[in-house]
Amino acid sequence: ADDVDGVREDTKLNFLRNVKCLGKLSYGLRPRDIRSVDPSLFLTNSMPSLVVREHAILLNLGSLRAIAMQERVLIFDYNRKGGKAFIDTLLPRLNPKNMNGGPCMPFMIEAVEAALLSRVQRLEQRLMYIEPRVQALLEVLPNRLTADILEQLRISKQTLVELSSRAGALRQMLLDLLEDPHEIRRICIMGRNCRLSKGNEDLECSVPLEKQIAEEEEEEIEMLLENYLQRCESCHGQSERLLDSAKEMEDSIAVNLSSRRLEVSRVELLLQVGTFCVAVGALVAGIFGMNLRSYLEEHVFAFWLTTAGIIVGAVVAFFLMYSYLRTRKIL
Amino acid sequence: ADDVDGVREDTKLNFLRNVKCLGKLSYGLRPRDIRSVDPSLFLTNSMPSLVVREHAILLNLGSLRAIAMQERVLIFDYNRKGGKAFIDTLLPRLNPKNMNGGPCMPFMIEAVEAALLSRVQRLEQRLMYIEPRVQALLEVLPNRLTADILEQLRISKQTLVELSSRAGALRQMLLDLLEDPHEIRRICIMGRNCRLSKGNEDLECSVPLEKQIAEEEEEEIEMLLENYLQRCESCHGQSERLLDSAKEMEDSIAVNLSSRRLEVSRVELLLQVGTFCVAVGALVAGIFGMNLRSYLEEHVFAFWLTTAGIIVGAVVAFFLMYSYLRTRKIL
Amino acid sequence: ADDVDGVREDTKLNFLRNVKCLGKLSYGLRPRDIRSVDPSLFLTNSMPSLVVREHAILLNLGSLRAIAMQERVLIFDYNRKGGKAFIDTLLPRLNPKNMNGGPCMPFMIEAVEAALLSRVQRLEQRLMYIEPRVQALLEVLPNRLTADILEQLRISKQTLVELSSRAGALRQMLLDLLEDPHEIRRICIMGRNCRLSKGNEDLECSVPLEKQIAEEEEEEIEMLLENYLQRCESCHGQSERLLDSAKEMEDSIAVNLSSRRLEVSRVELLLQVGTFCVAVGALVAGIFGMNLRSYLEEHVFAFWLTTAGIIVGAVVAFFLMYSYLRTRKIL
Amino acid sequence: ADDVDGVREDTKLNFLRNVKCLGKLSYGLRPRDIRSVDPSLFLTNSMPSLVVREHAILLNLGSLRAIAMQERVLIFDYNRKGGKAFIDTLLPRLNPKNMNGGPCMPFMIEAVEAALLSRVQRLEQRLMYIEPRVQALLEVLPNRLTADILEQLRISKQTLVELSSRAGALRQMLLDLLEDPHEIRRICIMGRNCRLSKGNEDLECSVPLEKQIAEEEEEEIEMLLENYLQRCESCHGQSERLLDSAKEMEDSIAVNLSSRRLEVSRVELLLQVGTFCVAVGALVAGIFGMNLRSYLEEHVFAFWLTTAGIIVGAVVAFFLMYSYLRTRKIL
Amino acid sequence: ADDVDGVREDTKLNFLRNVKCLGKLSYGLRPRDIRSVDPSLFLTNSMPSLVVREHAILLNLGSLRAIAMQERVLIFDYNRKGGKAFIDTLLPRLNPKNMNGGPCMPFMIEAVEAALLSRVQRLEQRLMYIEPRVQALLEVLPNRLTADILEQLRISKQTLVELSSRAGALRQMLLDLLEDPHEIRRICIMGRNCRLSKGNEDLECSVPLEKQIAEEEEEEIEMLLENYLQRCESCHGQSERLLDSAKEMEDSIAVNLSSRRLEVSRVELLLQVGTFCVAVGALVAGIFGMNLRSYLEEHVFAFWLTTAGIIVGAVVAFFLMYSYLRTRKIL
């Protein structure tokens with residue numbers, strides 16, 4: 001098909017540069033649905049979503065945007081990180097040699113699992129990268145409060161905020177999916193000669209065997225989703241815990257700095273009391289140093305008396321002020 | 001009809017300056033219902049709401065207040081931003097040329113979709129405007145802490161608080177609507193010869209074909225609402241994430257500033273220790289400068305001994321105080 | 001009836017000073033129920049509540065405490081604001097002239113609606129009073145940080161905390177009521193010859209017409225409650241938004257002040273560096289001013305050399321310290 | 001029975017010092033159940049709980065730990081506050097004279113109600129004690145920021161945190177109980193010849209009259225629990241509101257203090273600018289005061305010119321620096 | 001079996017160093033399931049989980065990772081704290097002598113209970129360790145604000161954050177399990193000839209007696225889980241309360257420090273006013289001390305007049321500035 005941007009040897013993977021390449025091949029999807037996976041609208045569809053339509057599952061998981069169909073999967077913007085990770089996860093699964101006896105899942109479900117797996121692994125890798133860094137910071141911090149370490153703490157916090165938000169959004173998507181058995185059943189009947197009955201949401205298949213297979217598949221999908229939900233929750237919980245620790249650390253640092261500034265201020269105050277007393281003494285000495293006649297110039301002991309007066313006065317003033325500030329609990 | 005304020009060429013749109021223009025044309029609506037879309041009461045009905053009544057849907061979406069009926073839509077306060085955006089979104093949809101084969105929806109649902117679309121787009125535009133600004137601030141901030149940049153951060157935060165609150169309120173409205181299938185069914189049966197049975201909320205139509213159409217329409221409306229819900233959630237989630245980042249940034253800046261102030265205070269303290277020692281030296285020098293007779297005036301070396309005493313004393317005092325403060329971890 | 005504290009011309013309103021005036025007229029209410037509307041126990045029943053009993057509805061809405069019965073309403077503590085507002089809202093509704101064709105509701109429901117209306121209006125009035133004040137503060141604040149403006153911000157925040165808490169409690173009460181159809185049905189059957197069947201919560205009336213009326217009334221009450229719920233939510237949402245804005249503003253002010261203090265501290269530090277250098281210079285000058293003989297007194301140029309040494313030394317020391325602090329990023 | 005620690009005249013109350021006194025009288029309770037009310041394990045069962053077992057209700061309400069049975073109630077650790085308050089509340093209720101015609105409840109339910117009542121009253125008393133204190137603090141605070149008042153605010157906040165947490169835990173316990181009709185029904189059938197049918201949770205009694213009595217009792221218990229729930233919520237809501245107010249007050253005080261410190265710093269800076277200029281002037285004067293020959297000694301007007309230079313220079317320097325800092329918005 | 005790492009005398013316990021030792025003995029478990037208890041992936045499965053599969057229960061409780069089967073329990077990484085505590089708790093339970101008449105539970109449920117018990121006890125021990133420390137800190141803190149005490153508060157807070165997060169995760173796991181009766185029933189039917197019917201989740205057993213036993217066991221498991229849930233909630237609630245208290249304390253300390261710094265700053269300002277006035281006086285004295293001729297040298301009283309002028313001027317200037325700062329409320 002020349003309307004797609006590229007086709008690998010395995011014809012099941014189709015790469016599209018953007019949504020326009022879909023052209024008229026809308027595969028029964030409405031423009032509204034396609035917009036929800038359009039990578040160019042990343043601001044309006046930044047929340048992860050997994051939308052089930054009649055013949056396709058639309059996957060929007062961060063930088064991975066794809067449409068999984070029964071026999072093919074369309075990947076938009078395949079050069080971005082999410083798309084590449086998805087392809088790297090999906091390709092080995094399509095190789096029949098790697099099956100080693102496990103249950104053979106339909107292609108579409110393999111694609112969905114590969115998408116979830118690549119996304120969850122991305123989150124886990126980021127967590128594994130950031131976690132030892134934050135732990136090291138928390139160990140080092142109370143004693144080494146340099147601007148550099150504080151900057152590292154800030155950057156780690158920003159990363160954790162984003163990681164926790166992304167893991168939380170993915171977890172919410174999986175929870176919503178698991179709480180809606182209708183959606184999971186719609187995945188199961190795709191490509192089968194079954195339909196959902198209106199009232200009680202039961203499967204109705206033309207062949208009884210197909211119904212049994214579909215029900216087993218439903219259980220399989222639920223376990224699969226629960227597994228990724230657990231991994232997501234671990235990721236989310238761990239990053240929330242680290243973020244909480246980092247925040248509490250920052251609060252404690254703020255109090256610590258405040259208390260140390262108070263210490264510094266008190267010593268400063270003590271020195272200013274001293275400086276003030278010395279300055280008063282210097283003023284007295286300066287006055288006697290004026291080239292004006294005080295008629296004390298020739299008095300014996302005038303020098304020593306004045307000097308003693310200045311020194312004793314300064315020391316007494318200092319201790320008076322010191323004890324006053326002490327009683328008022330300022331020093 | 002001359003009781004409305006203006007009628008476009010397309011007679012389906014009616015513009016009203018305020019609720020009083022409705023006059024006696026209450027279209028079976030109670031005063032209480034009309035008050036919920038009255039733009040003059042914007043403080044008491046600031047939450048978005050979509051109220052379904054027997055013959056009309058009352059839309060209150062921020063600055064857009066309208067009543068959608070089967071064949072017409074009444075727009076209040078049509079000169080405000082919300083009203084204009086609504087008209088600009090609705091008019092092309094009424095043009096049959098733009099249909100290009102999509103399913104032909106009833107006029108009322110087109111009006112509701114246009115209202116939701118114009119509102120969601122408004123939120124998305126504001127997010128698209130603010131998002132790069134905040135990202136740029138977060139990049140620049142730790143290094144350039146000018147009053148100007150801090151002011152920009154403050155304004156961005158205020159905008160994000162409002163944006164997140166508005167997107168959250170709209171999202172809540174859509175969630176409440178989607179969780180209440182009764183309301184959606186009431187939209188579907190409007191203008192049809194159907195009714196809802198009391199107990200099990202099933203549709204009962206006089207013509208079986210109509211029932212089928214109504215059920216398909218119900219599914220269509222649900223998908224439509226889910227789509228706008230997803231866009232709203234993306235908007236809300238993105239603005240919450242940015243707001244969280246901005247808050248964490250502000251907390252980190254506060255700690256950063258605190259730590260830098262401590263640095264400055266410690267150097268100040270060091271200087272004050274120095275100044276104090278110099279002041280004591282100056283006091284001694286001043287004392288010897290008094291015009292009083294100390295009988296040391298003519299001693300050889302008195303000058304040099306005193307000078308050495310002053311200088312050595314000041315330096316020794318400085319280092320004693322410095323090492324004391326060092327051991328007490330104040331410096 | 002002389003057991004009540006006062007009776008208006010319209011005998012339907014009864015005023016009681018306190019719960020004791022109820023005397024033996026307990027109207028089939030248990031002491032426990034009456035305690036929940038007793039205005040003297042305002043600390044233990046501060047949450048708004050609407051309790052439906054067999055023959056009466058007990059209303060506890062802040063400062064309005066009343067018991068609505070089929071033919072009369074008892075108002076406690078009728079001189080307080082809440083009681084007065086209730087009476088002012090209820091009286092016009094009892095006047096048949098004001099009916100202008102609307103559906104004639106039973107007296108008890110009119111009383112409940114009047115109570116809700118008077119309470120919601122009170123909240124809205126307080127919001128309308130505080131909203132422009134907070135907006136004005138938010139506009140003015142970043143530039144005018146006077147103690148007066150900060151105090152106004154503090155008072156507004158305290159008011160918003162209370163308003164938001166009250167609106168939230170009323171909203172919760174309405175939500176609980178709307179989620180419990182059993183309670184609403186119990187209101188409908190009061191005074192009718194109907195009863196609620198145990199299992200499926202259906203109405204059973206002796207006269208079929210009464211059942212239909214009761215069901216219509218039930219729908220009417222639900223719409224009425226939803227309407228007040230919407231107004232309450234608008235009030236709550238708006239006050240929460242304002243409170244969030246005020247809090248973010250305060251956080252930003254704190255960072256702003258912190259950054260300005262750092263600026264001030266850095267200039268102070270610069271000046272202290274200068275003062276220290278000048279003080280050292282003054283010490284040198286003071287030493288040469290001692291009345292001791294340095295044998296330099298008569299040297300030509302000694303004065304000018306020393307002066308140049310002092311000045312050059314001070315300036316060089318200043319720039320050395322300045323550049324050192326600059327490289328350590330303290331200045 | 002000599003295995004209990006004490007028996008009052010009214011043999012229905014049994015006092016036990018600790019759980020070991022229960023001895024072999026386990027009354028069909030498992031060790032696990034008994035551990036949940038053991039007062040010596042207060043850290044592992046600090047959450048209030050009301051556990052219904054076949055023949056007993058285990059009450060764990062803070063410092064009150066008791067087992068209510070059909071004919072007796074065992075109270076552990078009866079000397080603690082909670083136990084005493086419980087006994088004081090329960091004893092009057094057992095006196096038939098105080099019944100005054102109200103419905104005669106089974107002893108076990110009287111005991112449960114007494115326990116809840118004594119616990120709720122304890123919370124209300126603490127709230128009534130703390131509420132006027134906090135209100136007074138909030139009035140006084142912005143103007144009188146003494147260490148003493150701040151300390152009182154801190155202690156009130158700690159009390160409110162605890163009160164709100166306790167009231168919230170009790171409220172959650174009551175909510176859980178009310179949302180689980182199964183538990184309430186199990187209380188009702190105790191001592192009756194009834195059993196709960198498996199599927200639809202209906203009562204099945206051997207005597208129809210008993211079924212009716214049990215159903216009425218169920219309704220009575222629900223109303224009773226709802227009443228205590230309301231009191232608990234009032235208590236919780238009021239303490240949360242006070243706590244919020246106190247927190248907002250503290251935040252505002254922090255900003256207030258920050259702004260005042262900035263004010264002080266700016267005046268300090270102004271003085272330091274002045275001091276610096278004076279110091280430079282003093283340096284010049286000191287230089288001329290050196291006992292070195294400047295050959296200006298005998299010049300007429302040298303003194304006055306120099307003096308004028310010093311003063312004018314200092315004043316000009318001051319105003320230059322002042323206006324520079326003014327334009328940079330530091331002063 | 002030599003594929004396991006070690007076997008105790010009691011062959012029911014099997015110890016495995018890591019998941020690879022499981023080898024081909026996958027016991028019908030999928031790789032995905034085994035990964036959820038793999039201790040080497042502790043970052044991706046840090047959330048506690050209890051997964052029920054057809055023949056095994058996979059336990060992941062922090063540092064305890066085990067697979068409980070009908071006749072054996074596999075423990076991974078048995079040397080870590082969690083594994084050891086589990087073995088110490090489980091072994092006595094397997095000894096028939098310790099049964100003392102209690103109901104004999106299947107081995108698998110004993111293992112699950114031992115796992116939960118060892119985990120909950122670990123949390124409780126940590127809480128019992130930290131609780132008196134935090135209480136002591138809260139008592140001591142407002143008066144003794146040393147760096148050491150602040151550091152202890154910081155460490156306690158970090159411990160409480162982690163403890164609260166772990167207890168909360170375990171509580172959530174137990175809540176999820178209790179809200180899903182399907183899972184509990186699947187535990188009950190393990191090893192029995194029963195199956196769950198699809199629709200109504202009822203048990204279907206080949207032998208009626210087995211059904212009854214299974215149902216009793218179900219009730220037993222529910223009570224068991226509820227008991228551990230209560231202990232978990234106590235632990236979580238208590239640590240949250242302590243953490244809240246510690247946070248409020250830290251906030252109060254911050255305000256306290258801020259207020260004390262303001263006090264210190266104000267005294268500093270006062271001293272600087274004094275120093276400034278003294279410095280001006282010293283400048284005047286210095287000017288008169290210049291070796292320049294002012295022609296006042298020989299005037300009688302010039303000295304005393306000047307001295308009086310300096311002192312009076314300094315004192316007057318001080319009081320002028322002091323009262324000015326007082327009126328501006330800066331001092």
Side-chain angles (χ1 to χ4, degrees), chain C residues 30-33 35-36 43-47 49 51 145-147 150-151 153-154 157-158 161-162 165 169 247 250-251 253-254 257-258 260-261 263-265 267-268 271-272 274-275 278-279 281-282 285-286 288-294 296-300 302-304 306-307 310-311 314, chain D residues 102 120-121 124 127-128 131 138 142 215 223-224 226-227 230-231 233-238 240-241 244-245 248-249 251-256 258-263 265-266 268-269 272-273 275-276 279-280 282-295 321 325 328-331:
Chain C
R30 278 157 228 237
R32 202 197 292 136
D33 292 333
R35 267 201 298 275
S36 80
L43 258 181
T44 72
N45 53 23
S46 60
M47 277 294 173
S49 69
V51 178
L145 268 175
T146 65
L150 282 178
E151 177 68 12
L153 182 65
R154 191 190 63 74
K157 261 177 57 193
Q158 294 277 10
V161 165
E162 208 196 318
S165 148
K247 279 187 196 173
E250 218 171 56
D251 287 357
I253 289 173
L257 286 172
S258 219
R260 284 167 72 184
R261 280 221 310 280
E263 279 302 289
V264 170
S265 291
V267 179
E268 275 189 356
L271 283 169
Q272 266 182 339
T275 307
V278 169
F288 283 104
M290 292 191 293
N291 293 329
L292 303 173
R293 187 173 295 267
S294 63
L296 303 166
E297 283 84 356
E298 303 303 321
H299 284 233
V300 183
F303 175 82
W304 298 108
T306 313
T307 302
I310 288 170
I311 290 170
Chain D
V120 168
Q121 276 181 341
E124 286 172 359
L127 183 61
M128 271 183 240
E131 203 259 354
L138 294 184
E215 278 176 359
M223 282 198 291
L224 184 152
E226 271 169 15
N227 189 273
Q230 199 211 339
R231 287 173 75 169
E233 279 193 338
S234 284
C235 212
H236 181 67
Q238 189 75 4
E240 283 282 311
R241 199 182 305 164
D244 276 4
S245 289
E248 294 303 327
M249 174 56 91
D251 287 358
S252 296
I253 289 173
V255 171
N256 186 345
S258 219
S259 129
R260 284 168 70 184
R261 280 220 310 281
L262 179 62
E263 279 302 289
S265 291
R266 286 165 74 184
E268 275 189 355
L269 178 58
Q272 266 182 342
V273 170
T275 307
F276 178 72
V280 172
L283 175 61
V284 173
I287 285 169
F288 282 103
M290 293 192 293
N291 293 329
L292 302 173
R293 188 172 294 268
S294 64
Y295 303 104
M321 287 165 93
L325 292 172
R328 275 192 55 205
K329 293 207 175 172
I330 290 173
L331 265 181

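Just so we're on the same page: letters track the sequence lines, and every chain starts at 1. Note that these values count all heavy atoms, side chains included, but never hydrogens, waters or copies made by symmetry.
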Which atoms of C:Glu151 are under 4.5 Å from chain D, going by heavy atoms: the side chain, the backbone, both sets, or neither? side chain
Side chain, backbone, both or neither: which part of D:Val273 has a heavy atom under 4.5 Å from chain C? both
In terms of heavy-atom pairs under 4.5 Å with chain C, the winner among D:Gly289, D:Ala279, D:Ser265 is D:Ser265
Chain D: which of C:Leu271, C:Ile311, C:Val161 shares the most heavy-atom pairs with it under 4.5 Å? C:Leu271
Is it the backbone or the side chain of D:Met223 that comes under 4.5 Å from a heavy atom of chain C, or both, or neither? both
C:Phe288 and C:Thr306 have their tightest heavy-atom pair at CE1-CG2, 3.5 Å
What is the distance from atom CD of D:Gln272 to atom CE of D:Met321, rounded to the nearest 0.5 Å? 10.0 Å
For residues C:Val51 and D:Glu226, determine if any side-chain heavy atom of one lies less than 4.5 Å from a side-chain heavy atom of the other. no
Hits for side chain to side chain contact (heavy atoms under 4.5 Å, CB included) against C:Ser258, two or more places apart or cross-chain, chain-then-number order -> B:Leu257, B:Arg261
Do you know which of D:Asp244, D:Leu325, D:Leu138, D:Leu224 has the most heavy-atom pairs under 4.5 Å to chain C? D:Leu224
Compare every heavy atom of C:Met47 with every heavy atom of D:Gln230, then report the nearest pair and how far apart it is. NE2-O, 3.8 Å
Identify which of C:His299, C:Glu263, C:Glu250 forms the greatest number of heavy-atom pairs closer than 4.5 Å to chain D. C:Glu250
Short question: side chain of C:Thr275, backbone of D:Phe276 - any donor-acceptor pair under 3.5 Å? no
Does any backbone or side-chain atom of C:Asn291 lie under 4.5 Å from a heavy atom of chain D? Answer side chain, backbone, both or neither. both
Part of D:Glu268 lying under 4.5 Å from any heavy atom of chain C: both
For D:Ile253, is it the side chain, the backbone, both or neither that has a heavy atom under 4.5 Å from a heavy atom of chain C? neither
Quick one: of D:Asn256, D:Val280, D:Asn227, who has the most non-hydrogen atom pairs under 4.5 Å with chain C? D:Asn227
State the CD1-CD1 distance between C:Ile310 and D:Ile287, to the nearest 0.5 angstrom. 4.5 Å
For D:Arg260, what residues pass the salt bridge (Lys or Arg N to Asp or Glu O under 4.0 Å) criterion, not counting sequence neighbours? none
Which atoms of C:Gln158 approach chain D - backbone, side chain, both or neither, heavy atom under 4.5 Å: side chain
Rounded to the nearest 0.5 Å, how far does CZ of D:Arg266 lie from CG of D:Leu269? 9.5 Å
Any idea which of D:Ala285, D:Ala282, D:Ser259, D:Ser252 has the most non-hydrogen atom pairs under 4.5 angstrom with chain C? D:Ser252
